[in-house]
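Some notes on the structure that comes next.
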Protein chains: 2
Amino acid sequence: MRFHSPSIQYFHAVRRTGSIRAAARLLNVASSAVSRQILKLEQEVGSPLFERNARGLTLTTVGEMLARHVMNVLQDLDRFRSDVASLSGAWHGTVSIACIESLTESVLPDLIASHRTRARRVSFTAEVMGSSDVLEALRRGEADIGIAIALRHPPDLRQVALKRFRLGALVAREHPLARRKTVTLEQCLAFPVIQALPELSIYHLLQPLIAQLSETPEPAIQANSIDLMRELAARGVGVAFQTQLGVGRLSRDAQLVFLPLDNAGSPVWSDLGIYVRAERTLPAFTESFLQELVRELGERERRENAAYPHVA
Amino acid sequence: MRFHSPSIQYFHAVRRTGSIRAAARLLNVASSAVSRQILKLEQEVGSPLFERNARGLTLTTVGEMLARHVMNVLQDLDRFRSDVASLSGAWHGTVSIACIESLTESVLPDLIASHRTRARRVSFTAEVMGSSDVLEALRRGEADIGIAIALRHPPDLRQVALKRFRLGALVAREHPLARRKTVTLEQCLAFPVIQALPELSIYHLLQPLIAQLSETPEPAIQANSIDLMRELAARGVGVAFQTQLGVGRLSRDAQLVFLPLDNAGSPVWSDLGIYVRAERTLPAFTESFLQELVRELGERERRENAAYPHVA
DNA sequence: TATAGCCGTTGCCGAAATGGCAGCAATATG
DNA sequence: CATATTGCTGCCATTTCGGCAACGGCTATA
């Protein structure tokens, strides 16, 4: 079912690989064939699509415009294919997800597992990365659904939902703070803290608040892995910071205690956004999973904010 | 700049014309070429796209799915083309509008004229039809922007804006009712009325209200043209009904008087919707005109509802 | 500075696709 | 029954596409 001209597909491969020969290998054709299609395309458009650097090819402005069109075409082709397939009862395809690390502990595995029991022929690809990389992966068409800290998103992405979760401190059960209901930042900084490196969005959430304080935190441990920070906190190394989403089951085993942050009487929010490409209609099975994801995150938002109500 | 396979374009032409030979004439190719491309396409998809009736071709369910995809592709190609063109400063293209008759008297000509003074290389195609036909024309990709009475719109259309205008009676200056500020339906029905035929949406707005009354209106004139009804009212033949949008300048020349309807103390609203295809990004010049249209209609809505304030 | 490796492009040739022409059977219209 | 129109199919020319080998340009490494 490949009824689009080779130029389109070749262009798409060249854009992704950044090289004609690499694209040719990917497509199992001769590099000359790819080269000629690109040249023909540039002649039709009337403007070069790539800048030829010695190291490979980079999109020009017009090239980026065409890339957007080609992505719209190919993604809509995917949707068409799945529409036809679902007509004969066969729901199958691949949902590709790009998300930040907080989701990997519980939300995503739970959801995927539960979805797979109902729709066994829908497979998944999940990739963990930073928030801005999530948006970039969506723009480049490398993922269908993105979950990231809600930054200002570019206009070619659509924010399907926005859920806010409380940021909190994570300490071992034996930690002196563990008996409190909530903690303030100052209280945490009296102990060794496990700080997030700037690659993690937690850093950007906490840094402005820390800067407001007079004291500087005692230097302890810096890490760029939510998982590592959590495990460190469980071993009593120090106080870690994250949303309860990233904690999940472990805290229910009572190894860890989650203490919502209380910053001068008001909670510290971490806004989680769910994104898809704006210029796109999702295949039915992808749309279906997206709905479940939104529902589940909404459910967690409700539950967790009910567990730790804050003064209004 | 035609880098999409012929199959796509041929399929599109066949769908529109409903005949292979007609499509071939349209495309200036032999009918055999078209026939073969369709057959090849059906083989690739693995399912017939058309039902062959003796008189021509009709889309199957799978065919309709493909038609949606092809429309998305070709319309997005248009957008890409205009994006490239606007890069070199040349803003040009055609905005295609499907709307109901109420717009032709003043809103649309004013807007188009004013837009043309600023962007002379943007041309327009406007077609007047019934509300449901407007939606159908959009779905079939025969128009970019649609303005119609706000019915329940199918999910593949997007309602860009919704503006409500008061329905009113239209009478000549010498008419006994002309001195009132507002009128009730009963008051109008005491005189000869110019009724809308069911093809006009005014019919469907008024009929339920008339049905509630005990008396049946005096049979007078029935018409299916807003323009005709207006001219008849101006000649004192009877009372016509429409929104003030359809009256415009003529009423300012004081030949006609517009009297907002007052149905048991509350106004009778006519909801006007602006629609575009949902799965589509508009070219920049189309988007620009769309914004002006929304702004202008919003302006009129504000002005006219301020001129005839109703009891809240 | 020489060399090896990778890059995109080009000439040549065979293979595949596309299009045009004429004619086919089937169906509707008169 | 005759005529016209429909979509489809051989046959053939033209165009497009892909593979192979080679060329010149560039980078990195020895």
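Below, chains carry the letters A, B, ... as their sequence lines are ordered, and counting in each starts from 1. Keep in mind that what you see is a predicted model, and the values were worked out from it rather than measured. Heavy-atom basis, side chains included; hydrogens, waters and symmetry copies ignored.
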Starting at atom CG of B:L41, determine the distance to atom P of C:dT18, rounded to an integer number of angstrom. 11 Å

Show me the donor-acceptor pairs, under 3.5 Å and distance only, between side chains in residues 141-152 of chain A and residues at least two apart or in other chains.
from   : atom 1 : to     : atom 2 : distance (Å)
A:E142 : OE2    : A:R140 : NE     : 3.1
A:D144 : OD1    : A:R280 : NH1    : 3.0
A:D144 : OD2    : A:S96  : N      : 3.0

Verify the contact: side-chain N or O of A:Q37 to OP1 or OP2 of D:dT16, cut-off strictly under 4.0 Å; return yes or no. no

Are the aromatic ring centres of B:F3 and A:F11 under 6.0 angstrom apart? no

Nearest-Å distance for atom pair CG/C1', residues B:L39 and C:dT18: 14 Å

For A:L57, report the nucleic acid contact type (base, sugar-phosphate, nothing); a contact means any heavy atom under 4.0 Å. sugar-phosphate

Can you measure A:F50 atom CZ to C:dC7 atom C1' for me and round it to whole angstrom units? 15 Å

Atom CD of A:Q291: over 12 foreign heavy atoms under 6.0 Å: yes

Taking N and O atoms by type only, does the side chain of B:R36 place a donor or acceptor under 3.5 Å from a partner on the base of C:dG20? yes

To the nearest angstrom, how far is B:R21 atom CZ from C:dG23 atom P? 13 Å

Report yes if at least one side-chain N or O of A:S35 is closer than 4.0 Å to OP1 or OP2 of C:dT9; otherwise report no. yes

Output yes when at least one side-chain N/O atom of B:R52 is less than 4.0 Å from OP1 or OP2 of D:dC8, else no. yes

Winner on side-chain proximity to A:R25, out of D:dG7, D:dG19, C:dC7, is C:dC7

Let me spell it out: for each of B:K40 and B:S31, pick the nucleotide of DNA chain C with the closest heavy atom. Which residue's pick is nearer the 5' end? B:K40

Check this for me: does the side-chain of B:S32 come within 3.5 Å of the base of C:dC21 through a donor and an acceptor? yes

Measure from CD on A:Q43 to C1' on D:dT16 and round the result to the nearest Å. 13 Å

Hey, would you say the A:H153 and A:Y275 ring centroids sit under 6.0 Å apart? yes

Answer yes or no: does a side-chain N or O of A:Y10 lie under 4.0 Å from OP1 or OP2 of D:dG18? yes

Please report, rounded to the nearest Å, how far the C1' atom of D:dC17 is from the CD1 atom of A:I38. 14 Å

Does B:E101 use its side chain to pair, donor to acceptor, with the backbone of B:D227 at less than 3.5 Å? yes

In whole angstroms, how far is the P atom of D:dC20 from the CG atom of A:N28? 12 Å

Give the rounded distance in Å between these two atoms: CD of A:E44 and P of D:dC17. 9 Å

Donor-acceptor pair under 3.5 Å: do we get one between A:S19's side chain and the base of C:dC6? no

